[in-house]
Amino acid sequence: MSGPLDYQWEEERYTDGSKWRFLEHKGPVFAPPYEPLPKNVKFYYDGKPMKLSAPAEEVATFFAKMLDHEYTTKDIFRKNFYKDWRKEMTSEEKSKISDLNKCDFTEMSDYFKAQSEARKQMTKEEKQKIREENERTLQEYGFCVMDNHKERIGNFRIEPPGLFRGRGDHPKMGMLKRRIRPEDIIINCSKDSKHPKPPPGTKWKEVRHDNKVTWLVSWTENIQGSIKYIMLNPSSRIKGEKDWQKYETARRLKKCVDRIRTQYRDDWKSKEMRIRQRAVALYFIDKLALRAGNEKEEGETADTVGCCSLRVEHIKLYPEIDGQEFVVEFDFLGKDSIRYYNKIPVEKRVFKNLQLFLENKQPEDDLFDRLNTSILNKHLQELMDGLTAKVFRTYNASITLQQQLKELTTPEENIPAKILSYNRANRAVAILCNHQRAPPKTFEKSMQNLQTKIDAKKDQLSDARRELKSAKADAKMRKDEKTKKAVDTKKKAVQRIEEQLMKLEVQATDREENKQIALGTSKLNYLDPRISVAWCKKWDVSIEKIYNKTQREKFAWAIDMADEDFEF
DNA sequence: AATCGTACTTAGAAGCCATTAA
DNA sequence: TTAATGGCTTCTAAGTACGATT
C-alpha cells in the first residue's frame with residue numbers, strides 16, 4: 001500500500017463507469033447515546049418543576065441548547081419544534097404541557113453552559129486524554145482502503161440528533177432531526193472486503209456492493225427525506241481526479257467559448273421565444289456567473305432561486321438610469337439565502353428581450369417560462385461535450401483569477417505585497433461568484449486593534465529614524481569604526497521596522513477589503529489550483545503562503561503536475 | 001415533458017484550537 | 001498565566017446534474 005504522493009493521476013481510470021475494484025472500511029461512528037440530566041437540573045412548566053420522560057427530556061435539551069440563538073424566537077421554529085416535541089411525550093406529558101410559552105428551559109440551558117465552561121477548564125492531562133481518544137477513533141474509523149490506497153474518509157461520524165436549522169426562511173426550521181440507528185444504515189463495500197460490523201445486537205439496513213458509486217455509507221434523513229452519505233476526503237484519489245476533470249472541462253470551454261457567445265447573441269434574435277429565453281439566460285450565466293437554478297418543491301425549502309428559476313419580481317428594468325442605458329437590477333435570494341444584488345447595463349437586444357418576457361406577467365411568474373435547467377443543459381451538451389451551466393462558473397472564476405494575477409502582480413513588490421495581490425485576484429472572483437459572509441462580530445474591534453499596532457509601529461519607526469540620524473551625525477564627527485558600525489546597525493533597524501509596518505498596513509488593507517467577502521469557497525471549488533501553483537513558482541512565493549496543509553492535500557494533484565508555464 | 005430518485009459538489013456558520021497579547 | 005483573537009476544521013444544508021419512470 002502506498003501513500004498519497006504516489007498516486008498515478010489519471011483522468012479516466014475505468015472505462016465501464018465503475019469507480020473502484022476494492023473497498024474496505026469500518027462503517028460509521030454513531031452519535032453517543034443520550035445521557036439523562038442530573039436530578040437537580042429541572043424543567044419547569046408554568047413555574048412548577050416537572051420531571052420529563054427520557055425521550056421528551058432529550059428533545060427538550062436540544063431546544064435548551066439553542067436558547068441563546070435567534071432561531072428559538074422565531075414563530076416557525078417554535079411551532080415546528082413544539083409539534084415534534086409533543087410526539088416524543090408520554091400521554092400524561094401531552095395533557096400537562098399545552099403551551100410552549102409556559103415552558104422554562106433556562107435551568108437546562110445553564111447546566112449546558114456550565115458543562116462547556118467546565119470542559120474549557122479541564123487540566124492539560126484530561127484534555128490530552130480526550131485528544132488521544134479522538135485520535136484512536138480517527139485511526140480506526142477515519143480511513144478506508146480503496147483499490148490500492150489507504151484513504152482518509154471525509155465524514156465518518158453520523159450526524160447526531162437535534163433540531164433542524166435551515167438557512168434563511170426555512171419552513172422546516174425547528175423540526176426534530178431524529179437519531180440514526182444501525183437499522184437505518186446502508187453499507188457499501190466490496191464483496192471481497194472485511195465487512196463493517198454493526199454494533200452488538202443491531203443490524204444494518206442493507207449491505208451492498210455497488211462499485212458504480214463512491215460512497216461508503218448512506219442513510220435517509222427525516223426532514224426532507226433526502227439521502228446522506230459518507231464519502232472520502234478531498235485529498236483522496238477519487239475526489240482529486242474528479243476535481244482535475246472538472247477543470248479540464250472548464251479549459252475545454254475556454255477553447256470554444258467565443259463560438260458559444262457568438263451563437264447565443266445570435267439567438268437573441270430568434271423567432272422562437274424558447275430560444276430567446278435560453279440565450280438570455282445563458283448570457284446571464286456567462287456574464288454574471290449565476291447558478292443554473294433548478295426548480296424546487298414549493299413550501300419544502302426556503303424560497304431561493306438561480307438563473308432559470310428567476311421570477312418577474314426579481315428584476316427591474318431601467319431604460320435609462322444614472323447616465324446609463326438599458327440597466328437591469330437583480331435582487332433575489334440565491335443559494336443559502338444569500339442575497340444577490342446587482343445593477344448592470346446590458347445590451348439593447350437583451351433588454352428588449354427581457355421587456356418581452358415580462359409582458360402580461362405577475363410578479364410571482366417565472367421570468368423564463370419556456371426554460372428550465374434540463375432544457376438549458378441539453379442545449380449546452382450539444383455545444384460541447386460535458387458542458388453544463390455550472391462549467392461557466394468554473395471557467396469564468398478561473399480565467400478571472402489568471403487575468404487578475406497577471407494584471408496585479410508586479411516584479412518589484414515584496415512577498416507580503418504579492419500575497420495581497422493574490423488575495424485581491426481571489427477577491428475579484430469571490431465578488432463575481434457572490435461569495436459573501438456575515439461580517440465577523442469582532443470586525444470593528446479587530447480593525448481598531450490592528451490600527452493601534454500600526455500607530456505604535458509608526459512611532460517606533462520615527463524613533464528609529466531619529467536614532468539613525470544622530471548616529472550618522474556622530475559618525476561624521478568621529479569617523480571611527482565603532483560609530484560606522486553603529487550607523488549600519490541603526491540602518492538595518494529602520495529597514496526592519498519599515499518592513500514590519502508595511503506588512504501591517506497590507507494586512508489592514510486586506511482585512512478591510514475582505515469584510516463581507518468569503519475567499520474560501522472560490523479557492524476551494526472554483527479556481528484551478530494549477531494557476532496558483534504556477535503563480536507561486538513564477539514569483540518564488542512558497543506554496544504554503546497560499547494554501548494551508550488541508551488545501552495542499554486537496555490540491556496535491558495540481559502541486560504535482562503544474563510548472564510555472566501552466567496556462568489555464 | 002413532467003416527476004422522482006440518486007449521487008455528487010458547493011456553501012456559510014459554528015466549533016475548536018493554536019498563537020499572541022495582556 | 002490567562003484571555004482574546006484568528007485561522008483551520010468540522011458540520012451539514014443546499015445546490016447541480018442526470019438517468020429512470022410515468
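Being a predicted model, the structure only gives us computed values, none of them experimental. Below, all heavy atoms of this structure are taken into account, side chains as well, without hydrogens, waters or symmetry copies. Numbered from 1 within each chain, the chains take letters A, B, ... in sequence-line order.
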Enquirer: Taking atom P of C/dC11 as reference, at what distance in whole Å does atom CG of A/Leu163 sit?
Expert: 18 Å

Enquirer: Between residues 277-285 of chain A and DNA chain B, which residues have a heavy-atom gap below 4.0 Å?
Expert: none

Enquirer: Regarding A/Asn233 and A/Glu553, is there a side-chain donor-to-acceptor distance under 3.5 Å anywhere?
Expert: no

Enquirer: Are A/Arg21 and A/Tyr14 in a cation-pi setup, meaning NZ or CZ lies under 6.0 angstrom from the ring centre and within 45 degrees of the ring axis?
Expert: yes

Enquirer: Give a yes-or-no answer on whether the side chains of A/Gln139 and A/Glu135 include a donor-acceptor pair shorter than 3.5 Å.
Expert: yes

Enquirer: How many whole angstroms separate atom CE of A/Met384 from atom P of C/dA17?
Expert: 12 Å

Enquirer: Under 4.0 Å between a side-chain N or O of A/Asn377 and OP1 or OP2 of C/dA17?
Expert: yes

Enquirer: Just to be sure I understand the geometry, which residues of residues 334-342 of chain A put a non-hydrogen atom under 4.0 Å away from DNA chain B?
Expert: A/Lys335, A/Asp336, A/Ile338

Enquirer: Hey, where on DNA chain B does chain A first and last touch, going 5' to 3'? Cut-off is any atom under 4.0 Å from a heavy atom.
Expert: B/dT6 to B/dA21

Enquirer: Decide salt bridge (charged side-chain N to carboxylate O under 4.0 Å, His left out) for A/Asp303 and A/Lys296; before the verdict, give the C-alpha distance in whole Å, the side-chain angles of both, and the deciding distance to 0.1 Å.
Expert: CA-CA 9 Å; A/Asp303 178 19; A/Lys296 313 178 11 171; over 6 Å; no

Enquirer: Using heavy atoms and a sub-4.0 Å distance, could you list which residues of residues 220-231 of chain A are near DNA chain C? By number, please.
Expert: A/Gln224, A/Lys228

Enquirer: Rounded off to whole Å, could you give me the CG-to-P distance for the A/Asp303 and C/dA14 pair?
Expert: 13 Å

Enquirer: Could you tell me whether A/Arg119 contacts a base, only the sugar-phosphate backbone, or nothing, with contacts defined as non-hydrogen atoms closer than 4.0 Å?
Expert: nothing

Enquirer: How would you label the contact of A/Lys19 with the nucleic acid (heavy atoms, under 4.0 Å): base, sugar-phosphate, or nothing?
Expert: sugar-phosphate

Enquirer: Between P on C/dG15 and CZ on A/Arg393, what's the gap in Å once rounded to a whole number?
Expert: 12 Å

Enquirer: How close or far is atom C1' of C/dT12 from atom NZ of A/Lys172, stated in whole angstroms?
Expert: 16 Å

Enquirer: Look up atom CG in A/Asn222 and atom CG in A/Asp84, then write down how far apart they are to the nearest 0.5 Å.
Expert: 8.0 Å

Enquirer: Considering only residues two or more places apart or on different chains, which pairs with a residue in residues 372-399 of chain A satisfy salt bridge (charged side-chain N to carboxylate O under 4.0 Å, His left out)?
Expert: none

Enquirer: What I'd like to find out is whether the side chain of A/Val533 reaches to under 4.5 Å of the side chain of A/Phe555, using heavy atoms alone.
Expert: no

Enquirer: Using the rule given for side chain to side chain donor-acceptor pair (under 3.5 Å), can you reason through A/Ser522 versus A/Asn426, listing the C-alpha separation, both sets of side-chain angles and the distance that settles it, and then say yes or no?
Expert: CA-CA 8 Å; A/Ser522 48; A/Asn426 191 164; 3.2 Å; yes

Enquirer: Go through the side-chain N and O atoms of A/Thr214 and A/Tyr229 and say whether any donor and acceptor fall under 3.5 Å apart.
Expert: no

Enquirer: Looking at every strand, decide which applies to A/Ala302 at a 4.0 Å heavy-atom threshold: base, sugar-phosphate, or nothing.
Expert: nothing

Enquirer: Any heavy-atom pair between the side chains of A/Lys335 and A/Arg167 that's under 4.5 Å?
Expert: no

Enquirer: Between A/Asp366 and A/Lys361, does any NZ, NE, NH1 or NH2 come within less than 4.0 Å of an OD or OE carboxylate oxygen?
Expert: no

Enquirer: Once the angle between the rings of A/Tyr283 and A/Tyr264 is folded into 0 to 90°, is it parallel (under 30°), tilted (30 to 60°) or perpendicular (over 60°)?
Expert: perpendicular

Enquirer: Identify all side-chain donor-acceptor contacts of residues 287-295 of chain A below 3.5 Å with residues at least two apart in sequence or on another chain.
Expert:
from     : atom 1 : to       : atom 2 : distance (Å)
A/Asn294 : OD1    : A/Thr373 : OG1    : 2.5

Enquirer: If you pin A/Arg437 and A/Thr214 to their nearest nucleotides in DNA chain B, which one's is more 5'?
Expert: A/Thr214

Enquirer: CG of A/Leu138 versus C1' of C/dT9: gap in Å, rounded?
Expert: 12 Å

Enquirer: How would you list, by chain and number, every residue that makes a ring pair (Phe, Tyr, Trp, His ring centres under 6.0 Å) with A/His314, sequence neighbours excluded?
Expert: none

Enquirer: Please list all pairs meeting salt bridge (charged side-chain N to carboxylate O under 4.0 Å, His left out) that have one or both residues in residues 70-79 of chain A, counting only residues at least two apart or in different chains.
Expert: none

Enquirer: Roughly how many Å is it from NE2 in A/His69 to P in C/dC11, rounded to a whole number?
Expert: 18 Å

Enquirer: Whole-Å distance between C/dC11 P and A/Ile180 CD1?
Expert: 15 Å

Enquirer: Take A/Tyr526 and A/Tyr71, find for each the nucleotide of DNA chain B with the closest heavy atom, and name the residue whose nucleotide sits nearer the 5' end.
Expert: A/Tyr526

Enquirer: Once salt bridge (Lys or Arg N to Asp or Glu O under 4.0 Å) is applied, do any residues pair with A/Lys172, and if so which ones, sequence neighbours excluded?
Expert: A/Glu300

Enquirer: May I ask you to decide whether A/Glu140 forms a salt bridge with A/Lys26, counting only side-chain N to carboxylate O separations under 4.0 Å?
Expert: yes

Enquirer: Determine whether A/Glu24 and A/Cys144 make a side-chain contact, defined as any pair of heavy atoms from C-beta on separated by less than 4.5 Å.
Expert: no

Enquirer: List for me each residue that meets ring pair (Phe, Tyr, Trp, His ring centres under 6.0 Å) alongside A/Phe164, sequence neighbours excluded, and say none if there are none.
Expert: A/His170

Enquirer: With heavy atoms under 4.0 Å as the rule, sort A/Lys177 into base, sugar-phosphate or nothing.
Expert: sugar-phosphate

Enquirer: Assign each of A/Lys549 and A/Thr304 to its nearest nucleotide of DNA chain C by heavy atoms, then name whichever residue's nucleotide is nearer the 5' end.
Expert: A/Lys549

Enquirer: Across the strands shown, which category fits A/Pro160 at heavy-atom distances under 4.0 angstrom: base, sugar-phosphate, nothing?
Expert: sugar-phosphate

Enquirer: Of the residues in residues 415-435 of chain A, which ones touch DNA chain C at a heavy-atom distance under 4.0 Å?
Expert: none

Enquirer: Scan residues 288-297 of chain A against DNA chain C and write down, sorted by residue number, each residue with any heavy atom closer than 4.0 Å; if none is found, say none.
Expert: A/Arg291, A/Ala292, A/Gly293, A/Asn294, A/Lys296

Enquirer: Just checking, is any N or O donor in the side chain of A/Lys523 or A/Ser532 under 3.5 Å from an acceptor N or O on the other one?
Expert: no

Enquirer: Side-chain N or O of A/Thr388 less than 4.0 angstrom from OP1 or OP2 on C/dA17?
Expert: yes

